[in-house]
Amino acid sequence: MTNSDSPINNENFLELIIRKDLDNGLNKNDLKFRFPPEPNGYLHIGHAKSICLNFGLGKIFSAPVNLRFDDTNPENESIEYINSIKKDIKWLGFEWNSECYASDYFDQLYKWAINLIEKDKAYVDFQDQEIISDQRGVPTSPGVNSPYRDKSIEENLSQFQKMKSGGYKPGDCVLRAKIDMASPNMHMRDPVLYRVMKTAHHRTNEKWKIYPTYDWAHGQSDFIEQVSHSFCTLEFEVHRELYEWFLQNIDTKKSLIPKQREFARLNLSYTIMSKRKLSELVDSGLVKGWDDPRMPTISGLRRRGVPPQAILNFCEKVGVSKRENIIDYALLDFCTREILNKISYRLMVVFDPIEVVITNYDENQSETLLAENNPEDKTYGNRKISFSKNILIEKEDFKEEANRKFFRLTLGKEVRLKNAYIIKGESVEKDDKGNIKKIFCTYDQKSKSGSGSPESLRKVKGTIHWVDKNNCENISVDVYDKLFKIESPDENPENDFKTFINENSSNNFENVYAESNINNVDYDKYYQFQRKGYFKLDNKSSDKKFIRTVTLRDNTKF
RNA sequence: UGGCUCAUGGUGUAACUGGUAACACGUCUGGUUUUGGUCCAGAAGAGUCUAGGUUCGAGCCCUAGUGAGCCAACCA
């Protein structure tokens, strides 16, 4: 099926599988996908890959995509996670077809389990967990059968009913499928279908005393929803045989049988992607919550100021394959900058100020200048900024003398003040220790930005940002660095990933001064502090606190 | 009695029914620029894990190695 005339169609291998199924007779209207998170943590950028993949497929093939919560283990799950997951998916811009819960299928699952017992394909095992584990053997040698494997169907039926009604304590017994204790695939060695758990479920409350395992619930949930393609990560590849065994052995009418296929999960350099480990960071207080700006969570990235489109583009560029991978964090930064450059409002902010006195500027004078809000998009309009005799610039933008590669302010040389005038360094005032306290400059009155005068058009070696000392605001900025010091903190299981945490990953700057337009900033807008980077107001803070999303690309060489 | 999967520049993906390796990030030049940003132009960097085989021709097919990942929760 080729309905595109473009010679190149770089479809990923999953799209190819779907195309092939379509060619082999699968009805296009039967296509359906799903995104199946377990509500036991917040979504991270790795989930975003899966979300983009599944919802993206939905868009490509105009097929529905369900959001299904895999809520089979009430001990780890909560409504807080459900809400955060829904919020994150919406924020990314996707809409699910129906909101489903594995727990909605508990009754059906129970009936199918009874079926299995009736067909002598499941039994209640009363052994300890350790014994069951020992009997399962190791991959290289077969396991042995449980002594409870060959009970009568009637006995199993009544025991299973007793399990359901709460007649047994957790750990007393489990329901197991009767498959093959000698299978080279460990998952086929009589896997557990149900365990006794007397924990209240966030949706079914006290109704169930037994809960299905992932394997027993997942494929059947796909089937109930009539999902055509069930895409999951590589570690579930060995579960596929079981997935298919269940689907063949439950009583189903001639409906569509879902197909499980696997792709490689996303790994990002300098961070971790395991929900368990992220959870550990949160619980131990090493980060301040799931939405800490250093976290690779969707909520962390959102708070940090990464726009949703950047995440979408990132997932697109990352691609889908079956290879182990570690994506360079620089790719995410690139995608972030690419979007932010187009949509952010520019402001001038000085992070480490030093005063410049314009000696030939009238003491009592001040004026209003015009600055572009976004040079990439004129519709963003202009803003007014004030200028006077005393201004603040970055300390690092001045050197008494410097080589030719230093495109900033030096003594005797000219530099342009962004959106204002061309100034020339004349002298400095130092304290007893030789530290520069003030810089004295002269300005060229005719060089006003945008005036079109010959003087304003003069080429100077550099442009620096500044704020009017007499009309600026003190703000607070949080600057975050990578959370880990090494590229793959959890690559070696011998080492605790926490030992690689970058303890200097969070820095606050208080001596920061911004042009007075900072008073008009918005919580849902993105900003660029010129020459400094992209910044976003912290949604968690009521006062004017900014978070640096990412720096600008920097080619400085001196 | 082990099974399954993967292997292409530094990184990530392409290369459709075999035709002589492409795109993106990163790196490095140069140009433009009132952000050392953006933008534009260009360069370096792999001969496709190894060895055989099939073929006129192999990254792609076959065989055998090698390396890596996953599987032995009543987690997902």
Side-chain angles (χ1 to χ4, degrees), chain A residues 2 7-12 16 36-38 40 70 72-73 75-76 125 128-129 132-134 136-143 170-171 173-176 182-189 191-197 210-211 213-215 217-218 232-241 262 264 266 269 275-276 316-335 337-338 341-342 346 348 371-372 375-376 405-408 416-420 422 449-450 456-457 459-460 462-465 528-534 551-558:
Chain A
T2 10
I8 311 152
N9 53 336
N10 286 345
E11 290 181 314
N12 65 49
L16 254 20
E38 186 197 4
N40 67 343
D70 230 327
T72 56
N73 186 353
E75 286 179 354
N76 303 323
D125 195 333
D128 285 349
Q129 199 169 155
I132 290 178
S133 173
D134 286 347
R136 193 140 28 214
V138 293
T140 48
S141 62
C173 54
V174 289
L175 182 73
R176 291 227 262 167
S183 170
N185 182 344
M186 296 298 287
H187 296 276
M188 299 302 276
R189 324 246 264 223
V192 171
L193 271 58
Y194 277 98
R195 68 277 214 197
V196 177
M197 216 184 259
I210 54 172
Y211 289 95
T213 55
Y214 164 84
D215 285 308
H218 201 94
C232 57
T233 45
L234 249 29
E235 64 269 30
F236 292 99
E237 209 152 22
V238 280
H239 291 246
R240 190 150 107 199
E241 194 180 353
E262 312 81 12
L266 171 83
S269 62
K275 246 199 276 185
R276 206 206 82 233
E316 180 67 36
K317 285 183 194 298
V318 155
V320 183
S321 75
K322 297 188 76 162
R323 259 195 268 176
E324 289 293 320
N325 60 78
I326 301 180
I327 312 294
D328 192 342
Y329 206 99
L331 184 62
L332 215 208
D333 283 343
F334 168 82
C335 293
R337 292 189 184 108
E338 187 184 36
N341 177 50
K342 290 184 205 139
R346 319 285 138 130
M348 290 199 287
E372 276 182 312
E376 302 294 314
K405 294 259 185 79
F406 188 77
F407 305 153
R408 307 175 188 182
R416 186 187 306 275
L417 291 177
K418 179 82 185 165
N419 300 314
I422 292 172
S449 286
S456 74
L457 267 19
K459 301 287 177 216
V460 291
T463 301
I464 61 173
H465 64 281
Q528 182 196 107
F529 294 168
Q530 292 197 296
R531 302 210 304 135
K532 299 305 286 184
Y534 295 101
T551 60
L552 255 30
R553 245 181 91 197
D554 186 9
N555 288 325
T556 309
K557 283 170 199 124
F558 58 75

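All values below were derived from every heavy atom in this structure, side-chain atoms included, with hydrogens, water molecules and symmetry-related copies excluded. Numbers restart at 1 for each chain; the letters A, B, ... are given by sequence-line order, proteins then strands.
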Please state how far atom [atom1] in [X] lies from atom [atom2] in [N], giving the value in whole angstrom units.
X        : N     : atom1 : atom2 : value
A:Asn76  : B:C75 : CG    : C1'   : 7 Å
A:Tyr211 : B:A76 : OH    : C1'   : 17 Å
A:Asp333 : B:U11 : CG    : C1'   : 14 Å
A:Arg240 : B:C6  : CZ    : C1'   : 14 Å
A:Arg531 : B:G37 : CZ    : C1'   : 10 Å
A:Leu417 : B:U35 : CG    : C1'   : 13 Å
A:Leu552 : B:U35 : CG    : P     : 11 Å
A:Tyr194 : B:A73 : OH    : C1'   : 18 Å

query: With nearest nucleotides of RNA chain B determined for A:Arg408 and A:Val318 from heavy-atom distances, which residue corresponds to the more 5′ nucleotide?
result: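 Closest to the 5' end, via its nearest nucleotide, is A:Val318.
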First encountered from the 5' end of RNA chain B, between A:Glu338 and A:Gly319: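 Residue closer to the 5' terminus by nearest nucleotide: A:Gly319.
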Using atom [atom1] in both nucleotides, what's the gap between [N] and [M] to the nearest angstrom?
N     : M     : atom1 : value
B:G47 : B:U20 : C1'   : 9 Å
B:G12 : B:U32 : P     : 37 Å
B:G45 : B:A24 : C1'   : 15 Å
B:A14 : B:U8  : C1'   : 10 Å
B:U38 : B:C28 : P     : 13 Å
B:C75 : B:G59 : C1'   : 40 Å
B:A22 : B:A44 : P     : 12 Å

Of the non-hydrogen atoms in [X] and [Y], which two are nearest, and what is the gap between them?
X        : Y        : result
A:Leu552 : A:Arg337 : C-NE, 3.8 Å
A:Asn325 : A:Leu266 : OD1-CA, 4.0 Å
A:Asp125 : A:Arg176 : OD2-NH2, 3.1 Å
A:Glu338 : A:Lys342 : O-CG, 3.7 Å
A:His239 : A:Tyr214 : ND1-CE2, 4.3 Å
A:Glu38  : A:Asp70  : CG-O, 3.4 Å

Hey, does [X] reach any base, or is it just sugar-phosphate, or nothing, if we go heavy atoms under 4.0 Å?
X        : result
A:Gly171 : base
A:Gly533 : nothing
A:Ile326 : sugar-phosphate
A:Asn40  : nothing
A:Glu372 : nothing
A:Phe558 : base
A:Glu38  : sugar-phosphate
A:Lys405 : base
A:Pro375 : base
A:Val460 : nothing
A:Val192 : sugar-phosphate

Atom [atom1] of [X] and atom [atom2] of [Y]: how far apart are they, to the nearest 0.5 Å?
X        : Y        : atom1 : atom2 : result
A:Arg416 : A:Lys459 : CZ    : NZ    : 8.0 Å
A:Leu417 : A:Met348 : CG    : CE    : 8.0 Å
A:Tyr211 : A:Glu75  : OH    : CD    : 9.0 Å
A:Glu316 : A:Asn12  : CD    : CG    : 9.0 Å
A:His187 : A:Glu237 : NE2   : CD    : 11.0 Å
A:Ile210 : A:Met197 : CD1   : CE    : 11.0 Å

task: Could you check if the base of B:A7 is syn or anti? Syn means the glycosidic torsion is within 90 degrees of 0.
output: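 Chi for B:A7 falls in the anti range.
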message: Syn or anti for B:G69? Use the chi torsion, O4'-C1'-N9-C4 for purines and O4'-C1'-N1-C2 for pyrimidines, with syn inside 90° of 0.
response: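 With its glycosidic angle more than 90° from zero, B:G69 counts as anti.
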Produce the list of close N/O pairs, under 3.5 Å, pairing protein atoms with atoms of nucleotides 43-48 of chain B; give distances to one decimal.
none

- prompt: In the 5'-to-3' direction, what one-character label does each nucleotide of nucleotides 21-32 of chain B receive under the scheme B = base within less than 4.0 Å of a protein heavy atom, S = sugar-phosphate only, - = no such atom?
  reply: ---SSS--S---
Strictly under 3.5 Å: I want the nitrogen or oxygen pairs between protein and nucleotides 70-72 of chain B, one per line.
from  : atom 1 : to       : atom 2 : distance (Å)
B:C71 : O2'    : A:His187 : NE2    : 3.0

Would you say [N] has OP1 or OP2 under 4.0 Å from some side-chain N or O of [X]?
X        : N     : answer
A:Ser141 : B:G2  : no
A:Thr72  : B:A76 : yes
A:Arg346 : B:G37 : no
A:Arg176 : B:A73 : no

message: We want to know whether A:Asn185 and A:Ser183 form a side-chain donor-acceptor pair, criterion being a heavy-atom distance below 3.5 angstrom.
response: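 Side-chain D/A pair, A:Asn185 to A:Ser183: absent.
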query: Between the base of B:U8 and the side chain of A:Arg323, is there a donor-acceptor distance below 3.5 Å?
result: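 Indeed there is one.
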message: Regarding B:U5, can its base be found pairing with the side chain of A:Glu262 as donor and acceptor, where the two atoms are less than 3.5 Å apart?
response: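 Result: no qualifying N/O pair found.
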query: Given pairs defined as Watson-Crick or G-U wobble with both distances under 3.5 Å, what dot-bracket annotation applies to RNA chain B, with ( ) intrastrand, [ ] crossing, | other strand and . unpaired?
result: .((((((..((((.....[..)))).(((((.......))))).....(((((..]....))))))))))).....
Examine distances only and state if a side-chain atom of [X] and a backbone atom of [Y] form a donor-acceptor pair shorter than 3.5 Å.
X        : Y        : result
A:Arg189 : A:Val138 : yes
A:Arg346 : A:Gln530 : no
A:Ser269 : A:Tyr329 : yes

message: Suppose we screen for ring-ring contact (aromatic ring centres under 6.0 Å, His included). Which residues come up paired with A:Phe558, at least two apart in sequence or across chains?
response: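 Partners of A:Phe558 under the ring-ring contact (aromatic ring centres under 6.0 Å, His included) test: A:Phe406.
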message: Test of understanding: with ring-ring contact (aromatic ring centres under 6.0 Å, His included), list the residues that count as partners of A:His465, not counting sequence neighbours.
response: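 With sequence neighbours excluded, A:His465 shows a ring-ring contact (aromatic ring centres under 6.0 Å, His included) to no residue whatsoever.
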- prompt: Of all the nucleotides listed (B:A76, B:U35, B:C74), which has the minimum atom distance to the side chain of A:Asp70?
  reply: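 Closest nucleotide among those given: B:A76.
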